[in-house]
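Have a look at the structure below, then the notes.
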Protein chains: 2
Amino acid sequence: MTTKSSLQPEELLQNADLRCTRGRLDILRVLLAADRPLSQDEIARRMGRNGLNKVTIYRALEAFNRAGFLHIAQVQERIRYYELAHRCRQMRCHPHFACVRCGRLYCLHDHYLPLIKDLDQGFVIHRQQIRLEGLCPDCSG
Amino acid sequence: MTTKSSLQPEELLQNADLRCTRGRLDILRVLLAADRPLSQDEIARRMGRNGLNKVTIYRALEAFNRAGFLHIAQVQERIRYYELAHRCRQMRCHPHFACVRCGRLYCLHDHYLPLIKDLDQGFVIHRQQIRLEGLCPDCSG
DNA sequence: AATCTTATTGCAACTGAGTTGCGTTTAGTG
DNA sequence: CACTAAACGCAACTCAGTTGCAATAAGATT
Ligand SMILES: [Mn+2]
Ligand SMILES: [Mn+2]
Ligand SMILES: [Zn+2]
Ligand SMILES: [Zn+2]
């Protein structure tokens with residue numbers, strides 16, 4: 001796990017020196033309950049009535065990302081997908097599988113590859129992400 | 001290498017049943033000469049006088065991608081970066097390193113990781129891409 | 001070489017995820 | 001309760017990539 005701390009929304013925010021607001025707690029609850037990275041739009045829709053302004057959600061996600069407990073999953077699209085970082089190992093993020101047919105995105109929580117090594121002198125790796133694309137079980141039948 | 005065929009622009013197009021036009025040959029020459037994935041804008045600028053319309057470039061890249069000899073490199077940005085596929089091994093693309101400070105993108109042509117295996121029944125992998133982010137030699141000093 | 005078919009191209013207008021500026025609200029401190 | 005900086009909402013913006021359609025040209029056919 002990237003964060004040793006608990007996954008309580010309150011603690012995530014406090015540890016990052018972010019204010020504990022209703023909206024940010026809601027965003028975190030949505031992300032904690034999600035089983036795959038979500039777009040801003042998906043997050044907003046899952047917040048339902050408590051809906052925050054689009055801009056506010058983007059700014060919160062940006063702050064979470066800066067704080068390090070949120071990742072932007074690599075998807076070959078214009079839309080970004082966000083997820084909490086707790087399922088990643090230090091620099092190695094869990095891989096994602098993108099289905100080229102139905103567009104679904106899967107988290108491969110239990111599939112890790114070693115970190116790339118022997119980079120040229122001077123490269124400092126912060127994060128390694130892996131993306132698979134192909135057909136998902138629903139679409140390969 | 002993904003393609004057994006030569007890297008002559010003409011052959012790439014003919015093998016893919018695409019018409020050999022001046023513009024498309026120019027795009028391919030630019031990509032062949034590049035040492036990293038390029039955006040549409042960068043491609044256009046490197047074509048200089050022979051400049052094609054933006055839309056035409058996008059449509060050509062789309063066709064190349066469908067034909068399989070061009071890849072869209074995974075970069076955590078809104079802009080897409082394109083490169084020829086000849087430096088990738090079957091399903092395993094060569095990794096890319098993105099510097100979080102200067103924004104530069106590096107191709108790691110000689111660094112490969114094994115293909116992820118033991119996916120759940122039904123997943124069919126077409127491509128595996130790896131993205132590293134961190135500081136490049138220029139920025140880590 | 002002239003003709004035909006249809007892939008390719010250019011242009012203008014569009015789309016929409018993400019951003020910016022700024023005035024208002026509110027969490028957290030004391 | 002007052003204070004201050006963080007968080008918020010809204011309107012307007014940006015700009016990479018897309019779409020529709022008419023004009024052009026590759027290359028196959030006569
Ligand atoms: Mn994931
Ligand atoms: Mn590359
Ligand atoms: Zn699928
Ligand atoms: Zn750098």
Side-chain angles (χ1 to χ4, degrees), chain A residues 8-30 37-47 49-67 69-83 98 103 105, chain B residues 9-30 37-47 49-67 70-83 98 103 105:
Chain A
Q8 297 310 307
E10 291 82 359
E11 299 184 33
L12 284 174
L13 294 174
Q14 284 161 5
N15 293 342
D17 268 312
L18 295 171
R19 288 193 182 166
C20 248
T21 69
R22 181 82 193 292
R24 294 188 165 190
L25 291 173
D26 284 340
I27 294 177
L28 289 175
R29 277 191 281 267
V30 166
L38 302 178
S39 66
Q40 180 283 137
D41 198 60
E42 290 172 322
I43 294 169
R45 274 188 273 108
R46 295 191 186 196
M47 291 175 68
R49 289 284 146 263
N50 325 327
L52 275 186
N53 181 279
K54 166 184 86 154
V55 179
T56 304
I57 295 179
Y58 277 120
R59 289 202 264 234
L61 293 168
E62 195 187 332
F64 298 171
N65 188 44
R66 262 201 314 277
F69 60 80
L70 175 131
H71 285 172
I72 302 176
Q74 38 168 325
V75 185
Q76 212 76 303
E77 290 182 40
R78 296 188 57 196
I79 307 173
R80 297 177 191 165
Y81 291 82
Y82 307 86
E83 70 182 352
L105 190 62
Chain B
E10 291 81 359
E11 299 184 32
L12 285 174
L13 293 175
Q14 284 161 5
N15 292 341
D17 268 312
L18 295 171
R19 287 190 184 168
C20 250
T21 69
R22 181 81 194 292
R24 293 188 165 190
L25 290 173
D26 284 341
I27 294 177
L28 289 175
R29 276 190 282 266
V30 165
L38 302 178
S39 67
Q40 180 283 136
D41 198 61
E42 291 172 321
I43 294 169
R45 274 188 272 110
R46 296 190 185 197
M47 291 175 68
R49 289 282 146 265
N50 324 330
L52 276 187
N53 180 279
K54 167 184 88 153
V55 179
T56 304
I57 296 179
Y58 277 121
R59 289 201 264 234
L61 293 168
E62 194 186 331
F64 298 171
N65 187 45
R66 261 201 314 278
L70 176 131
H71 285 172
I72 302 175
Q74 40 169 326
V75 186
Q76 213 76 300
E77 290 181 41
R78 296 188 58 194
I79 307 174
R80 296 176 192 167
Y81 291 83
Y82 308 86
E83 70 183 351
L105 191 62

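All chains are named by letter (A, B, ...) in the order of the sequence lines, taking the proteins before the strands, and each is independently numbered beginning at 1.
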- Message: Determine whether a donor-acceptor pair (one donor, one acceptor, N or O, separation below 3.5 Å) exists between the side chain of A:K54 and the base of D:dG9.
- Response: no
- Query: Could one point to a donor on the side chain of A:R59 or the base of C:dG18 with an acceptor on the other under 3.5 Å away?
  - Reply: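 Result: no qualifying N/O pair found.
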[X], nearest nucleotide to its side chain (from [options]):
X: B:R78; options: C:dT5, D:dG20, C:dA17; answer: C:dA17
X: A:I79; options: C:dT9, C:dG18, D:dG20; answer: C:dG18
X: B:Y58; options: D:dA11, D:dG17, C:dA27; answer: D:dG17
X: B:R80; options: D:dC10, C:dG10, D:dG17; answer: D:dG17
X: B:R19; options: D:dG17, D:dA26, D:dT18; answer: D:dA26

- Message: Need one value for A:T21: base, sugar-phosphate or nothing, where a base atom within 4.0 Å counts as base even if backbone is also close, heavy atoms only.
- Response: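 The residue A:T21 makes sugar-phosphate contact but no base contact.
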- Would you sort out whether B:L28 and B:F64 count as a side-chain contact (heavy atoms from CB on, under 4.5 Å), showing the intermediate values? CA-CA 9 Å; B:L28 289 175; B:F64 298 171; 3.7 Å; yes
Can you tell me how far [atom2] of [N] sits from [atom1] of [X], to the nearest Å?
X: A:D17; N: C:dA27; atom1: CG; atom2: P; result: 17 Å
X: A:L25; N: D:dA6; atom1: CG; atom2: P; result: 18 Å
X: A:L18; N: D:dA5; atom1: CG; atom2: P; result: 17 Å
X: A:E62; N: C:dA17; atom1: CD; atom2: P; result: 18 Å
X: A:Q14; N: C:dG28; atom1: CD; atom2: C1'; result: 11 Å
X: A:D41; N: C:dA17; atom1: CG; atom2: C1'; result: 10 Å
X: B:N65; N: D:dT18; atom1: CG; atom2: P; result: 11 Å
X: A:R45; N: C:dA17; atom1: CZ; atom2: P; result: 10 Å

- Let me know, please, whether B:Q40 or B:C20 comes out on the 5' side of the other along DNA chain D by nearest nucleotide.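 The residue closer to the strand's 5' end, by nearest nucleotide, is B:Q40.
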- Task: Answer yes or no: is there a side-chain heavy-atom contact under 4.5 Å between A:K54 and A:Q40?
- Result: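 Heavy-atom side-chain distance check passes, below 4.5 Å.
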- Taking the side chain as every heavy atom from C-beta outward, state whether A:D41 and A:I79 have any atom pair closer than 4.5 Å. no
- Task: Let me see the working for B:L52 and B:D26 under side-chain contact (heavy atoms from CB on, under 4.5 Å), right down to the final yes or no.
- Result: CA-CA 9 Å; B:L52 276 187; B:D26 284 341; over 6 Å; no
- Got a donor-acceptor contact below 3.5 angstrom from the B:Q74 side chain to the A:Q74 backbone? no
